[in-house]
Amino acid sequence: MEDYNELIQQRFKKLAEIRESGIKPYAGKFDATTSAQALNDGHQAASKEDLEKNRVTVSIAGRIVALRSFGKACFAHVQDGSGRIQLYFQKNTLGEEAFFLFKKLDIGDFIGVKGFLFRTRTNELTIEVESFVLLSKSLRPLPEKWHGLTDVEIRYRQRYVDLIVNPEVKNVFVMRTRIVQAMRTFLNSRGFLEVETPMMQSIPGGATARPFKTHHNALGMDLYLRIAPELYLKRLLVGGFERVYEINRNFRNEGISTRHNPEFTMLEFYMAYADYRDLIAMTEEMISSIATDVLGATEIEYEGQKISLAAPWKKVTYLDSLREAGVPEEVLSDADKAREYAKKAGATLKGGEPLGKLLNEVFEAKVEPNLIQPTFVTDYPTDISPLSKRRDDDPRFVERFELFVMGREMANAFSELNDPVDQKERFQKQVAEREAGDEEAHQMDEDFIRALEYGMPPAAGEGIGIDRLVMLLTGSSSIRDVILFPQMKKEK
RNA sequence: GGGCCGUUAGCUCAGCUGGUAGAGCAGCUGACUCUUAAUCAGCGGGUCGGAGGUUCGAUCCCUCCACGGCUCACCA
């Protein structure tokens, strides 16, 4: 931490003076009768004369965010959890002693005030303060009032300051909470049960990604932070839960970018006796209803582009999406031609990739960036979908879709593979890829196979990246703007 | 991890060709009882991200390092 500068030292001095005068600079509770927003909303229609005729006495607590001082009077704004309201302090009203303490206050201090409402000459609803208490002395200066705080490093590292001075930042996080609430309401109303499954797993499964490793001392065993809850949620299907979901953190030991944070939040839900087609309809309904709940609209703008979340959304099969992007037919079924084509498209290949993986390189380069309006891409190659059920008509493809908006993957869903023999073979294939050097390939999970051998009902499951959904709905271009405390390097 | 860019007062930013740093806000002192970017007068505040190097002299040029941003790779 840096040394205390002159401004901070001045405030420590004021703190000492306040203590010397027998006043507690860090008080206990304060009973506010109202909030800034309640006052502004509730007295919108009250005229200057109304307020003079029928005096409204209020008490409110908050942080001083602006001070405009005259000799024997002062205007201030306090900010509470709901908004801001102006205060007016007069020496005549407060008395000598209280006015002396008032002079020791700084921007940033928390105070509780009692007073009555009036309107100023400029008609701003204001509290004339009759008495006040210092609730908490602030020792550090807040950023200036014109430009506020824009340094992104300070904004992320000291999010508390960002939240104090940038109301739109706070609003994004309020919206995030509302989005998640709307999601829970949607799922709960359809009979889904929210559950919690292990964050620490001895075999990190359910996704292709590199995990964080940790160690349990008493058990003497390595554990991994989960990369997905999928395999545990499916064990619950085996156990008889028919509709379950989990909204929680996943951890992936990979690069950090404007779209990736090492810990991020996913919704995963599983629905017995359904297939991926049911989830297409449900996803359209869920996301458009969340948008309506939270934004009051299904038309949004993201990074200058208008996006319509009104159902129905475009659907295209994986192969057709490649065809539409101009990929020649022979590339779609020939691994050698696909390899050549993927290379030309700029993919970095290690060699030995199966056709599905090669096609996916092409897909990511040629198709994904152009999926601006919500689009379901269906029927993925089996090679890159080790947990999905095969299509009856063509086992090279699975019953799976991904949802793309703004060229980004928003959801991934499939009919769950419930054939233990097929699942075991797929794991074995993954293990082989792992042994061939693919660190992200699945490991064998014997217990999961055992669970499937007891019998898992046919089911469909889906994952939706909450952070990315929040980005979309709040117009945020960086994932760090929708995560309160994004991961940063250690401060020096 | 690679490439590009950035880091100057508490905050937001200037700083020319290399000659040891400025503004606004915030702060302090004083004036001021309806301001809201309050106003007026005065004052203080800097390891110019860090360490080396070049130079008579470095905020400025070079090297390395740290942190951040964008981007590519990896991925969701």
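The figures here come from the full heavy-atom set of this structure, side chains too, leaving out hydrogens, waters and symmetry mates.
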Determine the contact category for [X]: base if any of its heavy atoms lies under 4.0 Å from a base atom, sugar-phosphate if only primed atoms, P, OP1 or OP2 are that close, otherwise nothing.
X         : value
Asn253(A) : nothing
Gly255(A) : base
Phe118(A) : base
Tyr156(A) : sugar-phosphate
Gly463(A) : nothing
Lys14(A)  : sugar-phosphate

State whether [X] and [Y] are salt-bridged, where the test is any N-O pair (Lys NZ or Arg NE/NH1/NH2 against Asp/Glu carboxylate O) under 4.0 Å.
X         : Y         : result
Glu130(A) : Arg55(A)  : yes
Glu284(A) : Lys315(A) : yes
Lys53(A)  : Glu49(A)  : no
Arg259(A) : Asp467(A) : no
Lys389(A) : Glu416(A) : no
Lys170(A) : Asp162(A) : no
Glu303(A) : Arg408(A) : yes

In whole angstroms, how far is the [atom2] atom of [N] from the [atom1] atom of [X]?
X         : N      : atom1 : atom2 : answer
Arg259(A) : C70(B) : CZ    : P     : 11 Å
Gln9(A)   : G44(B) : CD    : C1'   : 13 Å
Leu117(A) : C34(B) : CG    : C1'   : 16 Å
Ile164(A) : A26(B) : CD1   : C1'   : 15 Å
Asn250(A) : A76(B) : CG    : P     : 11 Å
Phe70(A)  : C34(B) : CZ    : C1'   : 7 Å
Gln158(A) : G68(B) : CD    : C1'   : 14 Å
Glu230(A) : A76(B) : CD    : P     : 12 Å

Euclidean distance for [atom1], [N] against [M] (whole angstrom):
N      : M      : atom1 : answer
G2(B)  : C74(B) : C1'   : 13 Å
G50(B) : G10(B) : P     : 13 Å
C28(B) : C62(B) : P     : 42 Å
G22(B) : G45(B) : P     : 13 Å
C70(B) : U35(B) : C1'   : 43 Å
U12(B) : G49(B) : P     : 15 Å
U39(B) : C4(B)  : C1'   : 46 Å
C60(B) : G52(B) : P     : 14 Å

Checklist entry - Want to settle it: does Glu124(A) or Thr150(A) sit nearer the 5' end of RNA chain B, counting the closest nucleotide to each? => result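 Result: Thr150(A).
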Item to check | Which residue lies more 5' along RNA chain B, comparing Thr208(A) with Arg157(A) via nearest heavy atoms | outcome: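 Its nearest nucleotide lies further toward 5', so the answer is Arg157(A).
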Checklist entry - Would you call the rings of Phe376(A) and Phe401(A) parallel, tilted or perpendicular, where under 30° means parallel and over 60° means perpendicular? => result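 Phe376(A) vs Phe401(A) ring planes: perpendicular.
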Next on the checklist: Which label fits His442(A) and Phe427(A): parallel for a plane angle under 30°, tilted from 30 to 60°, or perpendicular past 60°?
Outcome noted: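 Answer is tilted, since the angle falls between 30° and 60°.
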Checklist entry - When the aromatic ring centroids of Phe89(A) and Phe132(A) are compared, is their separation below 6.0 Å? => result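 Centroid distance Phe89(A)-Phe132(A): below 6.0 Å, so yes.
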Checklist entry - For the rings on Tyr318(A) and Phe397(A), is their centre-to-centre separation under 6.0 Å? => result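 Not under 6.0 Å, so no.
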Next on the checklist: Tell me if U20(B) is syn or anti. Syn = glycosidic torsion within 90° of 0, anti otherwise.
Outcome noted: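 What U20(B) shows is a syn base, its glycosidic angle lying within 90° of 0.
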Checklist entry - Tell me, which stems hold RNA chain B, with a stem being 3 or more Watson-Crick or G-U pairs in a row and both distances under 3.5 Å? => result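 So far as stems of 3 or more pairs are concerned, RNA chain B shows B:1-7 with B:66-72, B:10-13 with B:22-25, B:27-31 with B:39-43, B:49-53 with B:61-65.
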Which protein N or O atoms sit under 3.5 Å from an N or O of nucleotides 46-50 of chain B?
none

Which nucleotide in the set [options] lies at the smallest distance from any side-chain heavy atom of [X]?
X         : options                : answer
Thr120(A) : G68(B), U12(B), U35(B) : U35(B)
Phe75(A)  : C67(B), U33(B), U35(B) : U35(B)
Ala73(A)  : G69(B), C34(B), U33(B) : U33(B)
Thr126(A) : U12(B), U35(B), U33(B) : U35(B)
Glu440(A) : C74(B), A76(B), C28(B) : C74(B)
Arg121(A) : U35(B), U33(B), A76(B) : U35(B)

List, with names and distances, any nitrogen or oxygen atoms from the protein found under 3.5 Å away from nitrogen or oxygen atoms belonging to nucleotides 2-10 of chain B.
unit_1, atom_1, unit_2, atom_2, d
G10(B), O4', Asn5(A), ND2, 3.2

[N] phosphate, OP1 or OP2, under 4.0 Å from [X] side-chain N/O:
X         : N      : answer
Lys489(A) : C67(B) : yes
Lys490(A) : A66(B) : no
Thr258(A) : U71(B) : yes
Arg480(A) : C70(B) : yes

Next on the checklist: Here's one to test your reading of the geometry: is the NZ or CZ of Arg400(A) within 45 degrees of the ring axis of Tyr380(A) and under 6.0 Å from its centre?
Outcome noted: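 Here Arg400(A) passes the 6.0 Å and 45° test against Tyr380(A).
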Checklist entry - For the atom pair CG (Asp445(A)) and CD (Gln423(A)), what is the distance rounded to the nearest 0.5 Å? => result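 Here the rounded value is 9.0 Å.
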Checklist entry - How about Ile85(A) and Val78(A): do any of their side-chain heavy atoms sit closer than 4.5 Å? => result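 Result yes, sub-4.5 Å side-chain heavy-atom pair found.
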Next on the checklist: Side chains of Ile307(A) and Leu472(A), heavy atoms from C-beta outward: is any pair under 4.5 Å?
Outcome noted: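 Contact flag for Ile307(A)/Leu472(A) side chains = yes.
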